[in-house]
Amino acid sequence: MTVAKDSGGGLSGNSFHGSTAAQHGEHSVQINHYGPPPGNPRNRVRITLAALAVLVLLGGALTLALWKYRDGTADPAPEGRSTHTPSGAAPAPGATRGSESPSSGASDAPAPEASLTSDPGGIQWTGPVRIVEDGPYLDEKPPKIKTSTYGEDVHLGLVDPPRLSGRTGETNLALWPGTGMPTRQECADLIATQGVRQVKVAKGTVVCVATQEGRTAVLTITATSNNFTDGVMAQATVWSTVTD
């Protein structure tokens, strides 16, 4: 639109919307003014919807990440990365380390029984006995403690640590070194070749004994104490065969 000069030679002062043109000055200089093109409402709607979609996606991704973190699945160990717990680290609650689990040793196992089929003469007596300062005498059936006599087959010599002693001046005791229980003949041979006067014992120790009348016995220690009154408890087996 062309704007005419007013009576003072200036512009008329009217407002125009859109593209305009004006002439003023002594030589009627024309000044053209072009405003911004009108915006498209559809473009603004599309931009707004795209921004909302981006925000929704970001919010969903953040929510999923938080859920995985709380569920314990965040940052799984990459393939090839060791998940070994350092030796000084505390195990997880309720967890147990395989290498530190307690093992049941010989002291927790029940006393094994001597072989009943290794000797044709069979067994004279088997059962628990208490070993104290005065015995027992293993030739008795059952073995007995006699406080007024000497010559007991085995007695408690010391209590800290517990030590069993044989008959005075004789080497009629021997520790069985094997993992199983000895036969009568194995015990007799062990005493004959490696007999001693005194042996140190603990729970689970197996001791071969030669009795005063020539029988062979085996003792499996089941309990010890630190006094002569309680003494040492053992599971005893006495074979009936008498040897010279």
Side-chain angles (χ1 to χ4, degrees), residues 1-113 128 160-162 176-181 200-206 220-226 230 233 235:
M1 170 178 277
T2 302
V3 180
K5 293 188 294 183
D6 58 13
S7 58
L11 298 177
S12 62
N14 295 326
S15 298
F16 297 90
H17 300 281
S19 301
T20 59
Q23 289 182 343
H24 67 93
E26 295 180 356
H27 303 286
S28 298
V29 178
Q30 179 174 319
I31 300 174
N32 297 323
H33 172 73
Y34 298 95
N40 190 340
R42 292 184 179 180
N43 290 337
R44 289 196 297 269
V45 172
R46 291 172 182 171
I47 294 173
T48 302
L49 291 177
L52 289 176
V54 171
L55 291 176
V56 170
L57 290 176
L58 289 176
L62 180 59
T63 302
L64 181 60
L66 291 175
W67 178 80
K68 285 186 176 181
Y69 181 82
R70 294 182 59 185
D71 192 48
T73 59
D75 190 25
E79 183 178 356
R81 189 178 72 182
S82 172
T83 56
H84 173 70
T85 303
S87 58
T96 59
R97 298 180 179 178
S99 59
E100 299 177 0
S101 61
S103 59
S104 59
S107 61
D108 297 324
E113 295 183 357
D160 191 15
W176 174 248
T179 56
M181 290 298 294
K200 179 181 176 181
V201 297
K203 187 176 181 181
T205 302
V206 177
T220 301
I221 306 304
T222 57
T224 61
S225 70
N226 60 357
D230 295 326
M233 293 297 298
Q235 179 72 17

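The structure displayed is predicted, hence computed values, not measured ones.
Qualifying side-chain contact (heavy atoms from CB on, under 4.5 Å) partners for Pro161, counting only residues two or more places apart in sequence or in other chains: Arg163, Lys200.
At distances below 3.5 Å, not a single donor-acceptor pair connects side-chain atoms of Thr224 with backbone N or O atoms of Ala202.
Expressed to the nearest 0.5 Å, how far CD1 of Ile221 lies from CD of Gln235 amounts to 11.0 Å.
When all heavy atoms are compared, the tightest approach of Pro162 to Ser225 is CG-O, 4.1 Å.
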